[in-house]
Amino acid sequence: MPMASEACAVLLGSVGPVGPGLGCLKMPPDRPLFAPSQRFLSISCKMRQRNLGSQPKRQRSKKFPPKSSTVNMKSQSNDDEDNGAQDASGGHQLNSDSRTLSSANGDSNSIVMTVEALPSANDGVTQIEKVHGRQIPSVCLEDLIAMIRNAEKNILLLNEARVQALEDLDKILSEKEALQTDLNNLEMKLAETDARIKVTAREKIHVELLENQLEKLKNEMASNRFLGEKHDLHDNEEKLNLDSVTLGAKNSPLAQELSTLHKENMLLKDDIQNLKAKLDDVKETEQRVLMLEKERSILEISLKELESKLAIAQEDVSKLSAVKSDCKALSEKVESLQGLLDQATKQAERAVTVLHHNHELQRKVDLLEASLQQANADKFSSEKALKYNELLEQKVKLLEERLQISDEEINSHIHMYQESVKEFQDIVDKLKEEIKKKSLEETMDDMPLEFWSRLLLTIDGLLLEKKISLNDASSLREMTWKKDNLIRDAYLACKGKVDNENLSSFLKLALSRPSSGLNIVHIAAEMAPIAKVGGLGDVVSGLGKALQMKGHLVEIILPKYDCMQYDRICDLKVLDVALQSYFDGQMFKNQIWVGTVEGLPVYFIEPHHPAKFFWRGQVYGEHDDFKRFSYFSHAALELLYQSGKKPNIIHCHDWHTAFVAPLYWDIYATRGFNSARICFTCHNFEYQGVTSASELASCGLDVHHLHRPDRMQDNSAHDKVNPIKGAIVYSNIVTTVSPTYAQEVRTTEGGRGLQETLNFHSKKFVGILNGIDTDAWNPSTDTFLKVQYSPDDLLGKTQNKKALRKDLNLSTSEAFRPLVGCITRLVPQKGVHLIRHAIYRTLELGGQFVLLGSSPVPHIQREFEGIANHFQSDPHVRLLLKFDEALSHTIYAATDMLIIPSLFEPCGLTQVLICFS
């Protein structure tokens, strides 16, 4: 048994269950492949092979009935025969297990040879990243070889443990046979004891009969009156006394033997109980052996999986060898091309040399001509002089031919140069023409856009405060749209203040003039840079500024969050007006604030509701978001209605303001406020705001009217309403952020349950690619950066990297370390598990990592807060779980790499920004 304990200790210490998926993660070579399982710790170190099945156990259980009845000797012999057969089958099973073990050793040897046949990690094959369209990580093969070698060691240990276990099992079986023999002997003794007890019982019955007869004879003697009879009776009595004495003498050793048998019987019972306890231990051992067999089967399955992966790796190695040969051929081609390039370079150098030589020849020709003229002057008459002159003429002709050839080559080069110069000049002329056209198209105005936005807010404030009429306000708005110099001069004459004193002179400028642009109102939950969570805020501000530059009047309505960046709002003030809006069967007051953000006029709605909808410290992520934003949507339309505005387009974004479409057509259009057309943009169909249908009544909508399959009833949960679906049905046009995403969401995989609705309304559904504000994200003019830079001068990028490391207290001792950045919302769609992996992987590869972003999901936020605390003192990692506009610009400018591990991306402003950069 000690040997069995040692074998099991080896087995449990080095082998454990392995999951079905062994990935190609990097594993240290000294780490065992199979970790020990915790459930092995309580298992006894007795093992049983799988071949000892349940049928022999059932036969053994029938041999010992619980009741102590008389044992038939014939049945006992049958049991002995069965035990002999079981022992023989056990020996046969041991032999089969030995054969299995030897085959396992052969398999392990084949695995060793296969591993040794694999190429090493230094062969250069791991530099190839793709094989026939299949991605192969650069370290997967090396890790797989290390894992296979560790598995080989564990298999050898397992085989040794199995051999030891088989030896222990032989000992257990021999002990079991000895116990079975003792048990059979005890059963025989018990049977003999039972027979003796039966004999004793019969003798006891005989004694009782004799006593009864004696009593009868005594009674007859008492009643007998005759002496003769008394004499006979006396004789009989003496005989009976003699018989009783004889019987008592006989009964005395019998009683002793009975007591002895009784004691032996009690001892036998105790032995039987002990044997039963040992049998229970054996059964428990068998159960534990079965559990070990199950674990061994799991290990065998894992081994098979590993062998399959080894086969796949071998196939990949063969493919890699083919690719290596292809690469070798390509390298040969590159070398040949390099040789051709060198040859061409040498030819060019030779051409230059020939040109210089031609000049030298020309100089010599000039000298020869001078010599010839001198010779003519001297009038050599000798034949030697004539031959010399002929030779000189031939050389001159040869030189002239060479000179002509070189002149032709030079002329061809000059012609090519002139053509390239002409082509370049044409391109320059085209660029100049385009610049002139753009300069003609742009409206030249000496006042910034903030001025006109502030003027427009002043006019709306006067209207809401009932200081001017609706017609006057409309006229002034039209003049503001056209940037009329008269209204500009009047406003400047009033020194930027329109009060009761100068109001009359200001109103004299109210002239009815046609407007060339559209009045577009954006109702949204975000706007960069004051209230930005994701890409929605960038789109609202960037699109607003682009439309404003086109000559349109753009206004934006936002909730007044307590967490906004108020320092980025210019001329923020509250209007002296109390706007009443309906919610939950009551009318609630709203305070209206106005200000300009990057030149755009913005209205902020602050509800006086006891729930303090927008004083929560965050934009999203509250339990009552449906109520918060349905309230805001109704209040925004009420603001437009009571201010008398007649917008041409009302543009609402995502599910937070999707309520605007049904509210506009079901409530406000019936009141005469119907000048606008509704444009709805869904930036991500993953978020739909689905909730119970009863919640829809809070903002004044008719639940019975809208909770229908063709309106707002959710396609998946029929007891709920879907704001996105309602906006698709009620809007005049529906857009999303890219043409590709528009096709994806019309499929079952990408539609998130709305594909049927989108296909039904496909005529008004279009995808428009998102853009970015090129002025805000231009690194050569970005004011958020420490040092501006451009593609022609990248020195500023290095300085921004140094400044970012200093601001975040990152290590600057190793400037060559790559800096990896990630700017995102921490939601499942963005691949947060990949971001977490990227942090540790970057550190492992010797880089630095910076994360900027937060999560509306509580458990994700807590998880990354834990990671941030873990790396708080690390010199190479910083996690900033917030939004910071200035810091995001710096990270984009300073990092060497950006990771975007999104599971899917509708458009992705980060990708567009990278393409622009």
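Numbering starts at 1 and runs along the sequence shown.
One N or O on the side chain of R878 and one on the backbone of L808 form a donor-acceptor pair closer than 3.5 Å. Not a single donor-acceptor pair under 3.5 Å links the side chain of H522 to the backbone N or O of I556. Not one N or O on the side chain of S541 forms a donor-acceptor pair closer than 3.5 Å with the backbone of M527. Formation of a donor-acceptor pair under 3.5 Å by the R616 side chain with backbone atoms of K612 is found in this model. Within the 3.5 Å criterion, the main-chain N or O of I728 finds no donor-acceptor partner in the side chain of S731. The main-chain N or O of L826 is found under 3.5 Å from a side-chain atom of S855 such that the two form a donor-acceptor pair. Side-chain N or O atoms of H609 include one that pairs as donor or acceptor with a backbone N or O of A611 at under 3.5 Å. In this structure a side-chain-to-backbone donor-acceptor pair under 3.5 Å is present from Q788 to D782. N800 places a side-chain N or O within 3.5 Å of a backbone atom of V787 that can act as its donor or acceptor partner.
The side-chain heavy atoms of Y582 and E638, taken from C-beta on, include no pair separated by under 4.5 Å. In this structure the side chain of F604 never reaches within 4.5 angstrom of the side chain of Q591, judged on heavy atoms. No side-chain heavy atom of Q618 sits less than 4.5 Å from a side-chain heavy atom of V533. Taking the side chain as every heavy atom from C-beta outward, L785 and P779 approach each other to under 4.5 Å. A 4.5 Å side-chain heavy-atom check between K645 and L553 finds every atom pair outside the cut-off. Contact check for P906 versus N770: no side-chain heavy atoms found under the 4.5 Å cut-off. Residues K589 and Q580 are in side-chain contact: their nearest non-hydrogen atoms beyond the backbone lie under 4.5 Å apart. Between H634 and S698 the shortest side-chain heavy-atom distance does not fall below 4.5 Å.
Considering F614, Y620, F613 in turn, Y620 is the only one that fulfils the ring-ring contact (aromatic ring centres under 6.0 Å, His included) rule with H656. Under the side-chain hydrogen bond (donor to acceptor under 3.5 Å, both in side chains) test applied with T681, the options D654, T735, T657 reduce to a single match, T735.
Annotation: D576, atom CG; neighbour count of heavy atoms from other residues, nucleotides and ligands within 6.0 Å does not exceed 12. Within 6.0 Å of atom NZ in K646, more than 12 heavy atoms from other residues, nucleotides or ligands are found, so the atom counts as buried in its surroundings. Heavy atoms of other residues, nucleotides or ligands lying less than 6.0 angstrom from NZ of K797 number more than 12.
Residues E863 and H859 bring no donor and acceptor atom of their side chains to less than 3.5 Å of each other. Y631 and D624 are not linked by any side-chain donor-acceptor pair at a separation below 3.5 angstrom, with hydrogens and angles left out of the test.
Checked against the 6.0 Å centroid criterion, the rings of F673 and Y664 qualify as a close aromatic pair. Here the two rings, on Y730 and F659, have centers that are 6.0 Å apart or farther.
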Exercise. Show your reasoning for whether salt bridge (Lys or Arg N to Asp or Glu O under 4.0 Å) applies to E622 and R628.
Key: CA-CA 9 Å; E622 296 294 324; R628 295 170 67 214; 5.5 Å; no
Please list, one pair per line, the donor and acceptor atoms closer than 3.5 Å that link side chains of residues 562-573 to other protein atoms, with sequence neighbours excluded.
unit_1 : atom_1 : unit_2 : atom_2 : d
D562   : OD1    : G617   : N      : 3.2
D562   : OD2    : G617   : N      : 3.2
Y566   : OH     : K560   : NZ     : 3.2
Y566   : OH     : Y561   : O      : 2.5
D571   : OD2    : R454   : NH1    : 3.1

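Atoms CG and CD1, from L637 and I557 in turn, are 8.0 Å apart once rounded to the nearest 0.5 Å.
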